[in-house]
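Every chain is numbered from 1, with letters handed out A, B, ... down the list of sequences.
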Number of protein chains: 2
Amino acid sequence: MGKQMTEMLKGTLEGVVLAILAVRPAYGYEITATLRDQGFSDIVEGTVYALLVRIEQRGLVDVEKVPSEKGPPRKVYSLNALGGEYLEEFWRTWNFLAERIEQLHHNIENPQEEGA
Amino acid sequence: MGKQMTEMLKGTLEGVVLAILAVRPAYGYEITATLRDQGFSDIVEGTVYALLVRIEQRGLVDVEKVPSEKGPPRKVYSLNALGGEYLEEFWRTWNFLAERIEQLHHNIENPQEEGA
DNA sequence: ACCGCTATTCTGTATTGCTATCTACTGGTA
DNA sequence: TACCAGTAGATAGCAATACAGAATAGCGGT
């Protein structure tokens, strides 16, 4: 993966996964597949599992083991109240950053408007 | 600073600084002040200087020492051609990520549209 | 000449997150 | 039996920001 993308995912991937779980509960393998579907084509699975461990330890998600037809039991994660709050803050942080970055982009393309 | 913001800045702060330099050359102390002006109120200077060292070593900027009335000479950084290309790639990476995250936000607020 | 003030740069150490790679387990199928 | 696909995890390594503090350089006042 591009180095820029790798760095940019730090701090955003977590929000992305929480946002996926906000739509409906899911298990790790499924989340990885969803991410790949949505264009994050070279996210490695280990990354997702490590992230899931972190958010579980922070109490942002509830976990339920569900037997699977093939392979080990699935660990189905669902966003809980604390996770919901955390996700809200993620959106606030994201919006803050996105606004400022868009502003910078605008500045570059319209350099004359500088002042104020 | 909020932990989420700290993590989110990884990979974006570099682009932000390059974007500032794309508008006009600047020195470290000035860049820090600009960032604070623009709402990144608790960026610490050490972070900016470390970043400037990195982008200089990667050859993304040109540096010129300019004497200052008070204090050590300023190191004025200006974006060069390589830096410009790198910034272009930053915008591509950012746009990719921003699009997907906006999509997720949309999904959460309109859960019924799921399929497709 | 000295002191202290401010502007400016730089230098550790700590913390965190993603990557890459590998292991392990389960059940079906050739 | 051997292999494949689904599923979870562990480890070591790297890169970036945070934080605190030191160092440098000129100037004004006494």
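Nearer to the 5' terminus of DNA chain C, by closest-nucleotide assignment, is the contact made by A:Thr47 (compared with the other of A:Gly71 and A:Thr47). Heavy-atom distances to DNA chain D give each of B:Ser68 and A:Pro72 a nearest nucleotide, and the one nearer the 5′ end belongs to A:Pro72.
Using a 4.0 Å heavy-atom criterion, one finds that A:Leu52 contacts no nucleic acid atom at all. Contact annotation for B:Glu45: base contact, defined as any heavy-atom pair under 4.0 Å involving a base atom. As judged by a 4.0 angstrom heavy-atom cut-off over every strand, B:Gly46 is placed among the base-contacting residues. Using a 4.0 Å heavy-atom criterion, one finds that A:Thr6 contacts the sugar-phosphate atoms exclusively. In this structure, B:Pro73 reaches the sugar-phosphate backbone alone: every heavy-atom distance under 4.0 Å involves primed, P, OP1 or OP2 atoms, never a base.
If you measure from atom CD of A:Glu64 to atom P of D:dA8, you get 13 Å, rounded to the nearest angstrom. One interatomic measurement links the two molecules: CG of A:Leu13 to P of D:dA15, which rounds to 19 Å at whole-angstrom precision. Whole-Å rounding puts the B:Tyr29 OH to C:dA7 P distance at 5 Å. Atom CZ in A:Arg74 sits roughly 17 Å away from atom C1' in D:dG9 (whole-Å rounding). The distance between atom CG of A:Leu9 and atom C1' of C:dT19, rounded to the nearest whole Å, is 11 Å. Atom-to-atom, CD of A:Glu30 to P of D:dG6 comes out at 13 Å; the value is rounded to the nearest Å. Regarding B:Tyr49, its OH atom lies at a distance of 16 Å from the C1' atom of D:dA18, rounded to whole Å. Between B:Lys10 atom NZ and C:dT16 atom P the separation is 9 Å, expressed in whole Å.
Once rounded to the nearest 0.5 Å, the distance linking CZ of B:Phe90 with CG of B:Leu60 reads 13.0 Å. The line from OH of A:Tyr86 to CD1 of A:Ile55 is 10.0 Å long, rounded to the nearest 0.5 Å. Rounding to the nearest 0.5 Å gives a distance of 5.5 Å between CG of B:Leu9 and CE of B:Met1. Between atom CD of residue A:Glu99 and atom CD of residue B:Gln38 there is a gap of 12.5 Å, rounded to the nearest 0.5 Å.
In terms of phosphate contacts, B:Arg54 brings no side-chain nitrogen or oxygen within less than 4.0 Å of OP1 or OP2 of D:dA15. OP1 and OP2 of C:dT16 both lie 4.0 Å or more from every side-chain N or O belonging to A:Arg58. A sub-4.0 Å separation between OP1 or OP2 of C:dT15 and a side-chain N or O of B:Lys3 is absent. Close to C:dT9, at under 4.0 Å from its OP1 or OP2, lies no side-chain N or O of B:Tyr27. Contact annotation: B:Lys65 side-chain N/O to C:dT9 OP1/OP2 distance is not under 4.0 Å.
Between the axis at the start and the axis at the end of the helix from C:dA1-D:dT30 to C:dA30-D:dT1 there is an angle of 30°, using five pairs per end and rounding to 10 degrees.
The listed nucleotides are C:dG28, C:dT6, D:dA18; the one nearest the side chain of B:Met1 is D:dA18. Taking the side chain of A:Leu51 as heavy atoms from C-beta on, and the options C:dC18, C:dT6, D:dA16, the nearest nucleotide is C:dC18. In this structure, the nucleotide among C:dA20, D:dA16, C:dT9 sitting nearest to the side chain of A:Val44 is C:dA20.
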Exercise for review: Would you check, one step at a time, whether the test salt bridge (charged side-chain N to carboxylate O under 4.0 Å, His left out) holds for B:Glu14 with B:Arg58?
Suggested key: CA-CA 12 Å; B:Glu14 184 173 288; B:Arg58 289 187 200 149; 3.2 Å; yes
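Side chains of A:Asn107 and A:Gln103: a donor-acceptor N/O pair is present below 3.5 angstrom, by distance only.
Looking at every heavy atom in both residues, A:Val61 comes nearest to A:Leu79 through CG1-CA, 4.3 Å.
A cation-pi arrangement is present between A:Arg100 and A:Phe96, with the terminal nitrogen or guanidinium carbon under 6.0 Å from the aromatic centre and inside a 45° cone about the axis.
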